[in-house]
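Right, one structure below, let's go through it.
Reckoned from all heavy atoms, side chains included, excluding hydrogens, waters and symmetry mates.
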Amino acid sequence: MNYKMMGRFIAQILLLEAVCMIPAMGISLVCGEQKAVFGFGVSILLIMAVFVLLRYFCRGHKKGFYARDGLVCVGVGWIVLSFMGCLPFYISGAIPHFLDAMFEIVSGFTTTGASILPEVESLPKGMLYWRSFSHWLGGMGVLVFLLAIVPAGEKQSGFTMHILRAESPGPSVGKLVPRMRRTAAILYLLYIVLTILNIFFLLIGDMPLFDALCTAFGTAGTGGFGIKNDSMASYSPYLQNVCTVFMLLFGVNFSCYYLLVMRRVRNVLHDEELRLYFGIIIASIALIVWNLGSYYDTLEETVRHGAFQVASIITTTGFATTDFDKWPAFSKAIILCLMVAGACAGSTGGGIKCSRVLLLFKSSYRNIRKVLDPQKIQTVRINGNKVDESVVENTNIYLVTYVFIVIASFLVISLDGFSTTTNFSAVLACFNNIGPGLDAVGPVCNFSQYSILSKSVLILDMLAGRLEIFPILILFSRSAWRHR
């Protein structure tokens, strides 16, 4: 393990985090929120102190950096980022218990949107901004952002590729251009452009600037922290529809947008994952609208709420315009299925990802054909390209690990005595980075009632879900920490 290089990279993460806190502190200063200003000020000083210490003790580092180092660096980096990021909530007294503050910021950075706050409108505006901005920062990846903006001075070290692949969601990460650092820059440029467009369309609908910024951050990162107690319910139908469209857009693999910019429209239209993604969306909306029947007064309202919640759940955003926990059982069953499926690989969404769902179906079909015709060579193809067997194997391993963690987490938090629906949906909501679940953790409820043990488990679930499991699991392996 290259500890010194990892320490220098974590120092850069902390510096970025301190810089990102400055606008939130500025908002608190303008609004006269003295406790919030104090919380941000002390937090920035503490972060900078740790930054200086890490830079000092990690000087003279070796440049060799391998896949194991990348996984550990990403896992440790996100934990340190979350630990420091929760300090403004705790120091200011906005969230008086440290574990609750940690839960809230982990939920923010992992773009989960699950909250322990019974009502959010009493939070200082600076805290609301920091809470929502954590979604945007964590959506595309904090370390990917660093790779995009830090000058390339670590040539031949290999850390760029390993960091990007460890933090990016999906079965595998490919290059948009030959250099991985430029790939990271392109991803964030697309991310920023879409975010600005989102803010623009929200402002057209007369949403206040502060609300538009926070809502766009939550939409872009597919996070779902609302700044109102009713999430998006009190906004106009136009604003709800804008959020529906942009949630779906941020759930698309960002490489598709790059291909569109390169005028390779045919490649996008023939992308099998994209077809599956929108196929699931259209089918889910149609079935929910049919099942809801006359639940709402008009067909327009039914379609609007149905489309919004399907977009919110499949992209793992977590915004709500209605209490879908009161929907019929069939509609809630669809919602649970969407929680697991998730958005596209290479997007800001969570869940298993549509690419893995597609790969698992094709792999299962291939295995059935092999049983029927053992002599014939059977391959798995996506978009006409042969999928390497290592990718298929890794997908199967991911699924097994996914199921094991969900079951283990469900058993542990069931010690708190809540209903099976509450506990199971809570685990799915946190592990798939969605936010609201069903029953006692539904869209009008929160996670504050869980015990310290359960909150700790759910925090680990959120981190493991956002980082595709293995960067967190590897931290518990003794061999990962050995010196080379």
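Between the CE atom in Met207 and the CZ atom in Phe201 there is a gap of 14.0 Å [rounded to 0.5 Å]. Rounded to the nearest 0.5 angstrom, Cys445 SG and Leu438 CG are separated by 10.5 Å. Between the CG atom of Leu467 and the CG atom of Leu473 there is a distance of 10.5 Å, given to the nearest 0.5 Å. For the atom pair CG of Leu359 and SG of Cys354, the computed distance is 12.5 Å after rounding to the nearest 0.5 Å.
Between Phe319 and Phe225 the shortest side-chain heavy-atom distance does not fall below 4.5 Å. Between Lys332 and Phe324 the shortest side-chain heavy-atom distance does not fall below 4.5 Å. Side-chain contact between Met247 and Phe308: present, with at least one pair of heavy atoms (C-beta onward) separated by less than 4.5 Å. Looking at Asn433 and Met462, their side chains come closer than 4.5 Å, going by heavy atoms from C-beta outward. Contact annotation: the side chain of Asp271 never approaches that of Arg275 to less than 4.5 Å [non-hydrogen atoms, C-beta and beyond]. At a threshold of 4.5 Å between non-hydrogen side-chain atoms, the residues Val72 and Pro471 do not count as touching. Side chains of Ile280 and Ile314 form a contact here, defined as non-hydrogen atoms less than 4.5 Å apart. Counting heavy atoms from C-beta outward, Leu194 and Phe254 have side chains that approach closer than 4.5 Å.
Gly139 and Tyr191 make their closest contact through CA-OH, 3.6 Å (heavy atoms, listed as atom of the first residue, atom of the second, distance). Scanning all heavy atoms of the two residues, the minimum distance from Met232 to Gln240 falls at O-NE2, 3.1 Å. Minimum heavy-atom separation, Thr315 to Gly251: CG2-CA, 4.1 Å. Closest non-hydrogen pair, Met102 versus Ile79, comes out as CE-O, 4.2 Å. Contact record, Ser425 with Leu336: CB-CD2, 4.3 Å, taken as the closest heavy-atom pair. In this structure, Ser82 and Ile105 approach most closely via the heavy-atom pair O-CG2, 3.2 Å.
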Inset, instruction - Applying side-chain contact (heavy atoms from CB on, under 4.5 Å), run through Leu287 and Asn291 and close with a yes or a no. - result: CA-CA 6 Å; Leu287 288 171; Asn291 186 236; over 6 Å; no

Legend entry - Verdict with supporting geometry, Lys353 and Glu273, salt bridge (Lys or Arg N to Asp or Glu O under 4.0 Å): CA-CA 9 Å; Lys353 309 292 185 303; Glu273 183 190 25; over 6 Å; no

Inset, instruction - Go through Arg356 and Leu399 one step at a time and tell me if the side-chain contact (heavy atoms from CB on, under 4.5 Å) criterion holds. - result: CA-CA 9 Å; Arg356 284 199 182 95; Leu399 180 63; over 6 Å; no

Legend entry - Derivation and outcome, side-chain contact (heavy atoms from CB on, under 4.5 Å), residues Leu458 and Ser409: CA-CA 8 Å; Leu458 294 174; Ser409 301; 5.8 Å; no

Inset, instruction - Before giving the answer on side-chain contact (heavy atoms from CB on, under 4.5 Å), spell out for Leu299 and Val289 the whole-Å C-alpha distance, their side-chain angles and the decisive distance to 0.1 Å. - result: CA-CA 8 Å; Leu299 179 61; Val289 169; 4.1 Å; yes

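Under a 3.5 Å cut-off, the side chain of Arg264 and the backbone N or O of Asn267 do not form any donor-acceptor pair. Without hydrogens or angle criteria, Thr222 side chain to Gly218 main chain gives no donor-acceptor distance under 3.5 Å. Judged by distance alone, the side chain of Arg466 and the main-chain N or O of Val106 form no donor-acceptor pair under 3.5 Å. In this structure, the side chain of Asn383 does not engage the main chain of Asn385 through any donor-acceptor pair within 3.5 Å.
Test Thr195, Thr348, Thr219 against Trp136 for side-chain hydrogen bond (donor to acceptor under 3.5 Å, both in side chains) and you get one pass: Thr195.
Residues meeting the side-chain contact (heavy atoms from CB on, under 4.5 Å) test with Asn446, sequence neighbours left out: Pro118, Ser448, Gln449. When the side-chain contact (heavy atoms from CB on, under 4.5 Å) test is applied to Lys362, the partners found at least two apart in sequence or on another chain are Glu272, Leu358, Val380, Ile382.
Each ring pair (Phe, Tyr, Trp, His ring centres under 6.0 Å) pair with one or both residues in residues 388-410, not counting sequence neighbours, appears once here: Tyr402-Phe431, Phe410-Phe424.
Donor-acceptor pairing under 3.5 Å is recorded for the side chains of Asp439 and Ser419. Asn253 and Tyr277 share no side-chain donor-acceptor pair at under 3.5 Å. A donor-acceptor contact closer than 3.5 angstrom links the side chains of Thr112 and Thr110. Side-chain atoms of Thr316 and Asn432 form no donor-acceptor pair, as typed in the model, at a separation below 3.5 Å. For His305 and Thr322, the side-chain atoms include no donor-acceptor pair closer than 3.5 Å.
Close placement of the Tyr129 and Phe217 rings is indicated, their centers lying within 6.0 Å of each other.
Relative orientation of the Trp290 and Phe330 rings is perpendicular, given thresholds of 30° and 60° on the angle between their planes. Between Phe109 and Trp130, the ring planes lie perpendicular to each other; the angle is over 60°, past the 30° to 60° tilted range.
Heavy atoms from other residues, nucleotides or ligands lying under 6.0 Å from CZ of Phe83 number 12 at most.
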